There are 2 protein chains.
Amino acid sequence: MKFEAATIKDIAKALGLSTSTVSRALRDSHEISEETKKLVLKYAAQINYRPNPIALSLKEKRSRSIGVIVTEIANSFFSQAINGIESVAKERGYNVIISQSHESFEKEVQTLNYLSSRSIDGLLISVSAATKDLEHLRALHDRGFPIVFFDRIVEDIQTHKVVIENFRGAYDATMHLLQNGYRNIACITASENLSISRERIAGYVEALAHKQLKPSKSLIKYCPNGGMELAEVEQAVSQLLKLRPRPDAIFTTGDKLTTGCLRVLRARNVSIPGDIALVGFSNSDLIELMNPPLTVVRQPAFEMGEVATDLLLQLIESKRPVKDFERRILTTSLIVNESGNRK
Amino acid sequence: MKFEAATIKDIAKALGLSTSTVSRALRDSHEISEETKKLVLKYAAQINYRPNPIALSLKEKRSRSIGVIVTEIANSFFSQAINGIESVAKERGYNVIISQSHESFEKEVQTLNYLSSRSIDGLLISVSAATKDLEHLRALHDRGFPIVFFDRIVEDIQTHKVVIENFRGAYDATMHLLQNGYRNIACITASENLSISRERIAGYVEALAHKQLKPSKSLIKYCPNGGMELAEVEQAVSQLLKLRPRPDAIFTTGDKLTTGCLRVLRARNVSIPGDIALVGFSNSDLIELMNPPLTVVRQPAFEMGEVATDLLLQLIESKRPVKDFERRILTTSLIVNESGNRK
DNA sequence: TTGAAAGCGCTAACAT
DNA sequence: ATGTTAGCGCTTTCAA
């Protein structure tokens, strides 16, 4: 059913004024007499008048909404980031419209088309693991549509980007394993398309190189869906367990990969870190409660959301085309628990 | 910066047609010649024309957006529910606008006012733990605004509601503890304002009554913020530990309370279930990985989101005022792990 | 088959 | 100090 609300016209009619007078009175214009203002304000309050944001949007050619595309809301990193996004957006008077790509390229494109037309003023996106073709994003960007990438960014499109020190985070995690005596360290990562995968692998490789180690190809396993399906993690772990010599540690580059890996190892009764150590990226706030408590690389998700939103609003509210784009780099922290301790 | 897109007017001008002809051609009206249609469609595709959803909204008096208010996105139950909401909404062509109340009444009211005007066609809400006064909701509802409550509902407002068998879930969890030999079972719950708290406590009390037990007042602890702050859980647990005889088990009625309680007990080196058993509501998908693996009451969060959205869209799209409201009751499941096992 | 015009709710330039 | 009018992009009635 339709929900009819009061308009400026209703007020004007009731008070025998013109709509423009009412409009001005409501906006406290100086060219309206105090008397009239009072009258209008009082009546408006009485009938609980609310300006229609859609009419405003049409007039101002802006919706005061921003779109967010992430792979999955039910992922601690993203839900924390959205939390940050929402807090800044709300503070600045913007709505947040959320969509999920579920790591599917098609869904990402579809969602983007859906959101982009003109119902959002700008977009925050962390691309799906399946995203190789960038046409959907580039087309928008080329037409001047404000876009900010966060976390899973795209290098080829010039706009603001918010990332973490992926290389450093991975390096630190791997180094932690090395310092604890592990030498045959495997890596389970998401799709190679992703900037974050490539950088994290690079950090892992570099740490090993520091100890004059070079991982064989068989030590690096890819999960195209980023661990969304446990089966892919199961397969990766299974292959690693068959290697001889068997890896003595695993480094995982994403939330779902880390918990998925823990799940698989425990199901197979592999003792952690006794048989195999495990260190990975995760933003779950339950890691200390796990068995064993996990050593993880933690990303400042909330802050990333805040920063990305702030940059996006800068783009949206800028009077002139922005040419200088920023790349904000936030730091990770290694939270040490038991899963990566000395063997 | 502004992002200018093509309009029907541009097409009309370029093709020497009127805007109404273009409009009709785009909507494949039968009163337009095939020739003209082809021409228009071709040109529209060429300049990548997209109808302006805001103009449509103004015309149709609907925004094809629904609002969602939850306490916190970064809570497994809510993020899963939102996932369900988003899936149904998108399928039916609606945007989802998300806001968080962070268990604050003021934020809930503020957000509601912000969303309600006319930028959303309806609202899905799970009220905050602090919500006692219902005026903000009632005012909207009385004006015919479509609202559906889910999980944390409000009995006094007549509309569709989606709940789970709170009583049953709590009863089952408590009974599980009883069957495992625990007799002195405490309960940690959220604000008593909440329907779910009251019902879950009732289920807990009834299960005890079944064994001719009656919990003393001191065994039931309230956390007004629903466990959002660990301190309140710490205090509750602390008080319970001081009781003589000391409780041999704890039943928690919410996600944050369950994991918070586990955190506190572990910090105090209380062995679970050796010293104290723990069973509670939780929708985390990591419970099996915890130490000890938690026995939990799981809610069908995704499904609740789906059902609630479906009901909301029914309200929104109904031609006439809806009088018959549904109360959909979904079932919980007890996932048995070790934390509630025999002592 | 096509076009002109009105209207959705609001603001603002331009009268009065 | 207040009113008239046009216009944001689109659909739709009415006219041609």
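Note that this is a predicted model, so its numbers are computed, not measured. In what follows, every heavy atom counts, from backbone to side chain, and hydrogens, waters and symmetry copies are set aside. Numbers restart at 1 for each chain; the letters A, B, ... are given by sequence-line order, proteins then strands.
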K.L.:
State, yes or no, whether a side-chain contact exists between B/Ile85 and B/Ile66 at a heavy-atom distance under 4.5 Å.
P.N.:
yes

K.L.:
Does B/Lys38 pair with B/Glu35 as a salt bridge, N-O distance under 4.0 Å?
P.N.:
no

K.L.:
Between C/dG9 atom C1' and A/Ile47 atom CD1, what is the distance in whole Å?
P.N.:
13 Å

K.L.:
Give a yes or no answer on whether the side chain of A/His141 reaches the backbone of A/Gln158 with a donor-acceptor pair at less than 3.5 Å.
P.N.:
yes

K.L.:
Should the ring pair A/His136 and A/Phe105 be called parallel, tilted or perpendicular, given that the plane angle runs from 0 to 90° and is split at 30 and 60?
P.N.:
perpendicular

K.L.:
Under 4.0 Å from OP1 or OP2 of D/dG7: is there any side-chain N or O of A/Lys61 that close?
P.N.:
no

K.L.:
Hey, is B/Arg327 close enough to B/Glu155 for a salt bridge, meaning N to O under 4.0 Å?
P.N.:
yes

K.L.:
What is the separation between atom NZ on B/Lys59 and atom C1' on D/dG7, rounded to the nearest whole Å?
P.N.:
15 Å

K.L.:
Name the nucleic acid region contacted by B/Leu58, choosing base, sugar-phosphate or nothing; use a 4.0 angstrom heavy-atom cut-off, strictly under.
P.N.:
base

K.L.:
What residues in residues 23-43 of chain A put a non-hydrogen atom under 4.0 Å from any atom of DNA chain C?
P.N.:
A/Ser23, A/Arg24, A/Arg27

K.L.:
Less than 4.0 Å between a side-chain N and a carboxylate O, is that true for A/Glu103 and A/Arg152?
P.N.:
yes

K.L.:
Which whole-number value in Å describes the distance from A/Arg50 CZ to C/dC10 P?
P.N.:
13 Å

K.L.:
Tell me which residues in residues 9-20 of chain B put a heavy atom below 4.0 Å from DNA chain D, sorted by number, or none.
P.N.:
B/Lys9, B/Ser20

K.L.:
For the pair A/Ser195 (side chain) and A/Ile153 (backbone), establish whether a donor and an acceptor sit closer than 3.5 Å, ignoring hydrogens and angles.
P.N.:
yes

K.L.:
Output the distance between atom CG (B/Leu313) and atom CZ (B/Arg64), rounded to the nearest 0.5 Å.
P.N.:
9.0 Å

K.L.:
Can you confirm whether A/Asp156 sits close enough to A/Leu134 that some side-chain heavy atom of one is under 4.5 Å from a side-chain heavy atom of the other?
P.N.:
yes

K.L.:
Let me confirm one number: the CG-CD distance from A/Leu311 to A/Glu326, rounded to the nearest 0.5 Å.
P.N.:
5.5 Å

K.L.:
Round to the nearest Å and state the distance from A/Glu60 atom CD to C/dC10 atom P.
P.N.:
12 Å

K.L.:
How far does the helix from C/dT1-D/dA16 to C/dT16-D/dA1 bend, going by the axes of its first and last five pairs, to the nearest 10°?
P.N.:
60°

K.L.:
Go through B/Thr111 and A/Lys90 one step at a time and tell me if the side chain to side chain donor-acceptor pair (under 3.5 Å) criterion holds.
P.N.:
CA-CA 9 Å; B/Thr111 291; A/Lys90 187 192 239 173; 2.7 Å; yes

K.L.:
Out of D/dC10, D/dT2, C/dG3, which has the shortest distance to the side chain of B/Ile8?
P.N.:
D/dC10

